[in-house]
Amino acid sequence: MPAYPFDEIEPKWQRYWAEHHTFRTPEDVDPDAEKCYVLDMFPYPSGAGLHVGHPEGYTATDIVARYKRMQGVNVLHPMGWDAFGLPAEQYAVKTGTHPRDTTERNIANFRSQLKRLGFSYDWEREINTTDPDYYKWTQWIFLKLHERGLAYQAEVPVWWCEELGTVLANEEVIDGKSERGGYPCERVPMRQWILKITDYAERLLEGLDDLDWPDSTKQMQRNWIGRSEGATVRFPLANHTEELEVFTTRPDTLFGATYMVLAPEHPLVDEVTTEEHADAVSEYRQQAQKKSELERTELQKEKTGVPTGGYAINPVNGKEIPIWVADYVLASYGTGAIMAVPGQDERDWAFAEKYNLPIVRTVQPPEDFDGDAYTGDGPAINSGFLNGLDVDTAKDRITDWLEEHGHGEATINYKLRDWLFSRQRYWGEPFPIIHVEGEAKPVPTNDLPVELPAIDSYNEILEQDAALSPLGALDDWVATTDPQTGQPARRETNTMPQWAGSCWYFLRFIDPHNDEQLVDPEKEAYWMPVDLYVGGAEHAVLHLLYARFWHKVLYDAGVVSTQEPFQTLVHQGLILGETEYTAYVDADGAYVSAEHVDEGTDTRTGTDVSPQPVEQEDIQKDDDYFVLMAHPEIRVDARSHKMSKSRGNVVNPDDVIDEYGADALRLYEMFMGPLEQVKPWSTSDVDGVYRFLGRVWRLIIDAQGDTQVVGEAPNREQLRVLHETIQKVTDDIESLSFNTAIAKMMEFVNAANKWDAVPQAIAEPFVKLLSPFAPHIAEELWARLDHAESIAHADWPEFAEEHLKREVVEVAVQVNGTVRGTIEVAPDAPEADALSTARADDNVARYLDDGTVRREIYVPGRIINFVVN
RNA sequence: GCGAAAGUGGCGGAAUUGGUAGACGCGCGAGGUUUAGGACCUCGUGCCCGUUAGGGCGUGGGGGUUCGAGUCCCCCCUUUCGCACCA
């Protein structure tokens, strides 16, 4: 039998909320009324359904939304589906199932799972990025980008992933493998749509300053944008008219440039290569091209390169310096070419040493410097007119000189590259573009949306041989006419990447059914920016950078009123599986202590060992290590792992709800620890919060199921306990410290259980405090306390200072910093009184008698310390 | 290698400006209650010594500042997460 009837009351209140539109967002609000836009990163509805990580962030935002609502704030708290994407299409490729069918099924599953958790979303604002009424506006925004010159097509080397059958953005490829799925990718040149995010690099960087985001996330974005100040320097080429342009952050070291390096892909390689070196260079380039990005990084210890035989002329001293080709220079950064200054650059030093290239120091290292390249500050040497200047001054001086002589200028460079925006997939937003006589023309906005062609089954596409893009196989759809000229035209057959829909969905929630505008400007001005945005740290760069970029474009286009979309951002920490204890055994079945094991082998013998799970009962702690109880000399590993199907440690929220109820699950997820921290799941710990809810229930409901609160006025202690709880819970919600808020409510219940009876005037405010955390039980208790209206819009309790006061407090008495006793005095007791009470304590007196009191420290209500010797 | 964050009982975790370390929960122990319980209630629970009173030691390690340090400063170790030839 459950400790309280959660299985009845949870569905009951979920029905009530839906029928009464309890969480409908206020319409036609007073523009001056306080608002709070509380947003979760909307999920991709995967086939696997919800995992326990989802409700973590969702519960946090739900608590804030419910709390703000009770404070009379207008709250927007919506939910939707980021439903375009590769998994549904990969499933379609395998089974022929239309991605729309898969997606609809998954959404239905996600929705019902979410509803079981009792979140206070305004479900009437649910959006779905695959809905033509939604992606009409995604396409509309693309046209804005196009109109503003921020979307262009180019033949560029892109990451092609054979397995996924599409190209991917740089950001989606990690170490030469796709971010999703980990499939190998290769660089191939293809004609693609590209968004000019680099035009916004500076603003994307500056905008970070005023955001209330985790520092680490801001830092990651800064690193990704990668601003660096330096100079462009143009080196004339010996025997050629062209110049070789490089970017350097150290123009002050120009006199020390002893060779040049071109990336293998650099367009001038053929120009500068002499006949004598042509074969070697061409072979090197082929080798470099074959290397995957992974191999390049793996082989980074050893730099390689070949001379071209060509020479450049150092503009500052007229010296001829050799030009090399080496793949330690990246084609995609700067100009794809560098001036190498081994004296002040460790990479160049390593290369110069290997190939016996000259090294000239142009900064005087300190006397005790014994390294190779010196990258620190110091006076310039061997540098003509720069000699004696410190690095910063020398940079300024040489930059001026370059500008005066037309050899270069100050330059700011960014690591950020333009955003590869097209994918060769069916299940994405079609581009609102037609091609007429080879020219890309935008589809007029009143012809939007350009809908995905209807197909009965994905097999229709599979059966056709669509070389690159599935849409290209559908001739009826591709062939169209230019609405302006009537000429025959072909539709763009690429689709947009999954990021597109999530770049602006927070705007659509504000006005989800508007078919005239993306969002009504008045409503947008009221609700934006998002006041609290909660989602995983895995989106620290991609989604959050792309969305900021689009938002700034929309701001420039006058569509939105704020420069930044998300004012406050919080990442919920990952929830790991239950802690696992692992012992290791060798081939003979003998235990191998964990400190000798590294990646499945015994480091002493090199033989394989196999992991063996151990129950917690068979483990003990010996100093800093866990060991087997039966073999204390054998250490075992104790750690929690990321939940995964393959490891079999996934916890399904539905199972937890079946056993403990949604309120307990919500409460546990918040009680585990700080929201932003990584935390291991522990099902036995769910018992703790579940028991707490049972105690809350029995505090107010007796064994017969009747309400048992009393009408009497509360006493001083009851008021103090209540008001301390109000204060703590309120403060903790504001700071998102939900774990300590719950601990305080537990303390309240522990205290209240000792009372003979609970006054209604105490029970009611407490139920309100509990309601954002455990809304179902709170609604039920609220109703049983004789309220006809939902607690969702009841007034949040306020604490009164007068009830927090204590008559006496316990003060620790230390002698020489060690506590020797405690005394009870008024919190504001005069020093003389407090000290004499302290001296009167028997144990304190013992220590005072041992010497002379040299000093007395008294912090009222806190501590007394006697310094004695 | 570079950057950031974090190391507190058997476990998850608490601790305003430096002021009684271990709130709250799990687990464990004792008792009560119940036909029974993996239900519920009460008490105890950092480690060591001591029957009690009390004492010693304790927030990754070492040093320092202070009447007083989990908290501040310096050095080191470990873990996690980013980035990784960006000129």
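Proteins come first, then strands; the chains are lettered A, B, ... in the order of their sequence lines, and each starts at number 1.
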Q: Looking only at the side chains, is there a donor atom on one of Thr683(A) and Glu578(A) sitting less than 3.5 Å from an acceptor on the other?
A: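 Distance-only check passes for Thr683(A) and Glu578(A).
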
Q: Write out a two-atom table: protein N or O, nucleotide N or O from nucleotides 45-50 of chain B, distance below 3.5 Å.
A:
none

Q: What heavy-atom pair brings Val813(A) and Phe866(A) nearest, and what distance separates the two atoms?
A: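 Looks like CG1-CE1, 3.7 Å.
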
Q: If you take any heavy atom closer than 4.0 Å to RNA chain B, which residues from residues 244-262 of chain A end up in contact?
A: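 Close to the strand are Phe247(A), Thr248(A), Thr249(A).
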
Q: Does Tyr328(A) place a side-chain N or O at less than 4.0 Å from the phosphate oxygens OP1/OP2 of A87(B)?
A: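 Negative; the distance criterion is not met.
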
Q: Using a cut-off of 6.0 Å, state whether more than 12 heavy atoms not belonging to Glu595(A) lie near its atom CD.
A: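 Check passes, neighbour count above 12.
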
Q: Mark up nucleotides 12-36 of chain B, 5' to 3', with B wherever a protein heavy atom is under 4.0 angstrom from a base atom, S wherever such an atom reaches only the sugar-phosphate, and - elsewhere.
A: BSS-BB-BB--BBBSS---------

Q: Quick one: which protein N/O atoms are closer than 3.5 Å to N/O atoms of nucleotides 58-60 of chain B? Pair and distance per line, please.
A:
none

Q: Report yes if a side-chain nitrogen or oxygen of Thr818(A) is closer than 4.0 Å to either non-bridging phosphate oxygen (OP1 or OP2) of G68(B); otherwise report no.
A: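 Checking G68(B) against Thr818(A), no side-chain N or O comes under 4.0 Å of OP1 or OP2.
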
Q: If the condition is ring-ring contact (aromatic ring centres under 6.0 Å, His included), which residues does Phe351(A) pass it with, not counting sequence neighbours?
A: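 Result, ring-ring contact (aromatic ring centres under 6.0 Å, His included) vs Phe351(A): Tyr259(A), Trp324(A), Tyr328(A), Tyr355(A).
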
Q: Identify whether any heavy atom of Tyr847(A) sits under 4.0 Å from a base atom; if not, whether one sits that close to sugar-phosphate; answer base, sugar-phosphate or nothing.
A: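 Since only primed, P, OP1 and OP2 atoms lie under 4.0 Å of Tyr847(A), the category is sugar-phosphate.
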
Q: If you look at every heavy atom in Leu576(A) and Met643(A), which pair is closest and at what distance?
A: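 Scanning both residues, the minimum pair turns out to be O-CE, 3.6 Å.
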
Q: Would you give me the side-chain donor-acceptor pairs under 3.5 Å for residues 842-849 of chain A, sequence neighbours excluded?
A:
from: Asn843(A); atom 1: OD1; to: Arg846(A); atom 2: NH1; distance (Å): 2.7
from: Asn843(A); atom 1: ND2; to: Arg820(A); atom 2: O; distance (Å): 2.9
from: Tyr847(A); atom 1: OH; to: Arg820(A); atom 2: NH1; distance (Å): 3.1

